[in-house]
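These notes are about the structure you will find just below.
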Amino acid sequence: PEDIQRIVLGWSEKDSSWHLGLVLRGDLVDSRGSRWCGLAYWHDPLANQLQDRAVHAGQTLAQQIARPFTMIPPHGSENGFTTAPSAPVSAVPALDMGWQTPVAAPVSVLREPLEEPIPQPALPLKFDLWTLRQESADRIELALSPAWGRSKLMRTAWNIVWLGVFIVLTVTTLTSGIALPRPDLLVYLGFVSIGVLVIIILYNLYQTMTYSKRITFDSAGVRWLRGKRLQRTIPNDMLQAVYVSHVVSKINKRNPDQRNVNYGEINLLLRNGKFETILAQQQTDEKIPVVDDPLDEESITTLSEYNARTRMQSAALVIAGTLNVTAEYDKRLR
């Protein structure tokens, strides 16, 4: 951030687009040979249809990295405006990027921020059978409820009962001395059912005895533990970002003011491009205001305290902050 002078959004008549980028300073300018570093553009032939979206993007970026934001409007419109997190901003120097040269007009400074951070819930946060809690000042932990193990054992016990029933029925059928049932396939289905139940019982027992019951996060990375036994680890230098994914409803007439969150999960994006699932929530009754997200388009956006609305998004922010990586929101439509 110290190499960035400001965030600039400017209108380019050459391609009828809004361009968002960084104005650099210091040694980085000499090494690149340019002060301008373009980031994104919005094609907007009327110069006003996508202006609010572009301005919002620039303001959010400026707030994220604590740098001033300046807008250079089309010719004939009102002067640009600036949000200054630290100090008032002087007029923007001319940049070689195909825009008109900014006139020496005063740049108004907004003393108050345009947005307030959304209050985030405090830990612990519960997600079905998992709870995210603070273990120490620099470590958080996802803990699995003991109810998960009890439910697995109860399911195994019922499968053992049904296994006994199938064994008794099959053996009795073969040894009773009466004619076999018709069709003969029924006898073989009994043996198949016995085999399937044995596999299910063994799998549930294996999973109960080996499943990780704690996932810890700290500056060193992520660790999966069962009791005090370390099962696996991902060091911090292999982590790139924390992704929280939501399947949300489209805007509809019955509920035009908010989106329903139908499913959620948290994944780790590794530097090799692979994802590692941390947490999944099958059912949730949380909502996201439509004013936060008015477009029915799937997208991936940077997650921050200015757009995190759900408990899972808040959890992703806490995990990302603990791991010192970025947090991303992956929106899927249903």
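Any value given below was found using the heavy atoms of this structure, including those in side chains, with hydrogens, waters and symmetry copies removed. By convention here, the first residue in the shown sequence is residue 1. All values reported here derive from a predicted model rather than from experimental measurement.
- In this structure, the side chain of Arg271 engages the main chain of Asp237 through a donor-acceptor pair within 3.5 Å.
- Of the inter-residue distances, the one linking Cys37 atom SG with Asp3 atom CG reads 11.5 Å to the nearest 0.5 angstrom.
- Annotation for Phe275: atom CZ counts as buried by contact number, over 12 foreign heavy atoms lying within 6.0 Å.
- Follow the hydrophobic side-chain contacts under 4.5 Å out from Leu225 and you never reach Leu144; the two are in separate clusters.
- Side chain of Arg67 to main chain of Pro1: a donor-acceptor pair is present (N/O by atom type, distance under 3.5 Å, no hydrogens or angles).
- Side chain of Asn204 to main chain of Ile201: no donor-acceptor pair is present (N/O by atom type, distance under 3.5 Å, no hydrogens or angles).
- For the atom pair CD1 of Ile118 and OG1 of Thr310, the computed distance is 10.0 Å after rounding to the nearest 0.5 Å.
- Side-chain atoms of Leu317 and Gln313, non-hydrogen and from C-beta on, never get closer than 4.5 Å to each other.
- The side chain to side chain contact (heavy atoms under 4.5 Å, CB included) check on Met238 picks up Ile234, Pro235, with sequence neighbours excluded.
- Looking at every heavy atom in both residues, Ala327 comes nearest to Ala320 through CB-CB, 3.8 Å.
- Cluster annotation: Val247 is not connected to Phe127 through the hydrophobic network of ILVMFWY side chains, with a link wherever side-chain heavy atoms come within less than 4.5 Å.
- When all heavy atoms of Ala315 and Leu132 are compared, the closest pair comes out as CB-CD2, 3.6 Å.
- Using a distance-only test at 3.5 Å, with no hydrogens or angles considered, no donor-acceptor pair links the side chain of Gln64 to the main chain of Thr60.
- Ile65 and Leu20 fall within the same hydrophobic cluster, where Ile, Leu, Val, Met, Phe, Trp and Tyr residues are linked whenever their side-chain heavy atoms come under 4.5 Å apart, directly or through other members.
- Shown here for Met312 and Ile266, the closest heavy-atom pair between the two residues is CG-CG1, 3.5 Å.
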| field | Ser314 vs Gln120, side-chain hydrogen bond (donor to acceptor under 3.5 Å, both in side chains): CA-CA, chis, key distance, verdict | value | CA-CA 6 Å; Ser314 299; Gln120 302 298 312; 2.4 Å; yes
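- Every residue was checked against the salt bridge (Lys or Arg N to Asp or Glu O under 4.0 Å) condition with Lys213, not counting sequence neighbours, and none meets it.
- Between the Thr233 side chain and the Val222 main chain, a donor and an acceptor come within less than 3.5 Å of each other.
- Side-chain contact, Asn260 with Gln258: no donor N or O sits under 3.5 Å from an acceptor N or O.
- Under the 4.5 Å side-chain criterion, counting only non-hydrogen atoms from C-beta, Thr70 is not in contact with Leu9.
- Panel note: side chain Asp218, backbone Gly221; a donor-acceptor pair is recorded below 3.5 Å.
- Counting only residues at least two apart or in different chains, ring pair (Phe, Tyr, Trp, His ring centres under 6.0 Å) contacts with residues 217-236 are absent.
- Note that CD1 of Ile199 and CG of Leu202 are 8.0 Å apart. Values are rounded to the nearest 0.5 Å.
- Considering only residues two or more places apart in sequence or on other chains, Asp138 meets the side chain to side chain donor-acceptor pair (under 3.5 Å) condition with Ser136.
- Trp158 and Ile200 fall into different hydrophobic clusters, where Ile, Leu, Val, Met, Phe, Trp and Tyr side chains are chained together by heavy-atom contacts under 4.5 Å.
- Minimum interatomic distance between Val168 and Thr172 (heavy atoms only, all atoms of both residues): O-OG1, 2.6 Å.
- Val248 approaches Asn262 most closely through the heavy-atom pair C-ND2, 4.0 Å.
- Contact of the Leu22 side chain with the Leu39 side chain is registered, since non-hydrogen atoms from C-beta on lie closer than 4.5 Å.
- Remark: Thr216 engages Arg223 in a side chain to side chain donor-acceptor pair (under 3.5 Å) (not counting sequence neighbours).
- Here Asn236 contributes atom CG and Ser219 contributes atom OG; the two are 7.0 Å apart, rounded to the nearest 0.5 Å.
- Partners of Arg232 by salt bridge (Lys or Arg N to Asp or Glu O under 4.0 Å), not counting sequence neighbours, listed by chain and number: Glu276.
- At a threshold of 4.0 Å, the pair Glu141-Arg214 counts as salt-bridged, since one of the basic side-chain nitrogens sits closer than that to a carboxylate oxygen.
- In terms of the side chain to side chain donor-acceptor pair (under 3.5 Å) criterion, residue partners of Gln231 (sequence neighbours excluded) are, by chain and number, Ser212.
- A 4.5 Å side-chain heavy-atom check between Val325 and Val242 finds at least one atom pair inside the cut-off.
- No side-chain donor-acceptor contact under 3.5 Å links Glu305 to the backbone of Pro119.
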| field | Trace of the side-chain contact (heavy atoms from CB on, under 4.5 Å) decision for Phe69 with Val55 | value | CA-CA 9 Å; Phe69 170 69; Val55 169; 4.2 Å; yes
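- Side-chain contact between Glu265 and Asn267 is present, with heavy atoms from C-beta onward closer than 4.5 Å.
- Applying the salt bridge (Lys or Arg N to Asp or Glu O under 4.0 Å) test to Asp44 and every residue at least two apart in sequence or in another chain returns nothing.
- The ring-ring contact (aromatic ring centres under 6.0 Å, His included) test applied to Tyr41 returns His19, not counting sequence neighbours.
- Take Arg334 and apply the salt bridge (Lys or Arg N to Asp or Glu O under 4.0 Å) test, not counting sequence neighbours, and it matches no residue.
- The backbone N or O of Leu303 sits nowhere less than 3.5 Å from a side-chain atom of Asn307 that would complete a donor-acceptor pair.
- With contacts defined as side-chain heavy-atom distances shorter than 4.5 Å, the pair Val318/Ile140 qualifies.
- Annotation: side chain of Lys331 is not in contact with side chain of His246 (no heavy-atom distance under 4.5 Å).
- With sequence neighbours excluded, the residues forming a side chain to side chain contact (heavy atoms under 4.5 Å, CB included) with Lys250 are Asp296, Leu333, listed by chain and number.
- No side-chain heavy atom of Tyr263 sits under 4.5 Å from any side-chain heavy atom of Gln281.
- Residues Trp162 and Ile160 share a hydrophobic cluster, clusters being chains of Ile/Leu/Val/Met/Phe/Trp/Tyr side chains in contact below 4.5 Å.
- Remark: Ser299 OG to Asp330 CG distance equals 8.0 Å, nearest 0.5 Å.
- Residues meeting the side chain to side chain contact (heavy atoms under 4.5 Å, CB included) test with Glu328, sequence neighbours left out: Ala241, Tyr243, Ile300, Thr302, Thr326.
- Nearest approach of Ile215 to Ile278, heavy atoms of both residues: CD1-O, 4.0 Å.
- Other residues, nucleotides and ligands contribute at most 12 non-hydrogen atoms within 6.0 Å of the CZ atom of Phe166.
- Interatomic distance, Thr277 OG1 to Leu279 CG, rounded to the nearest 0.5 Å: 9.5 Å.
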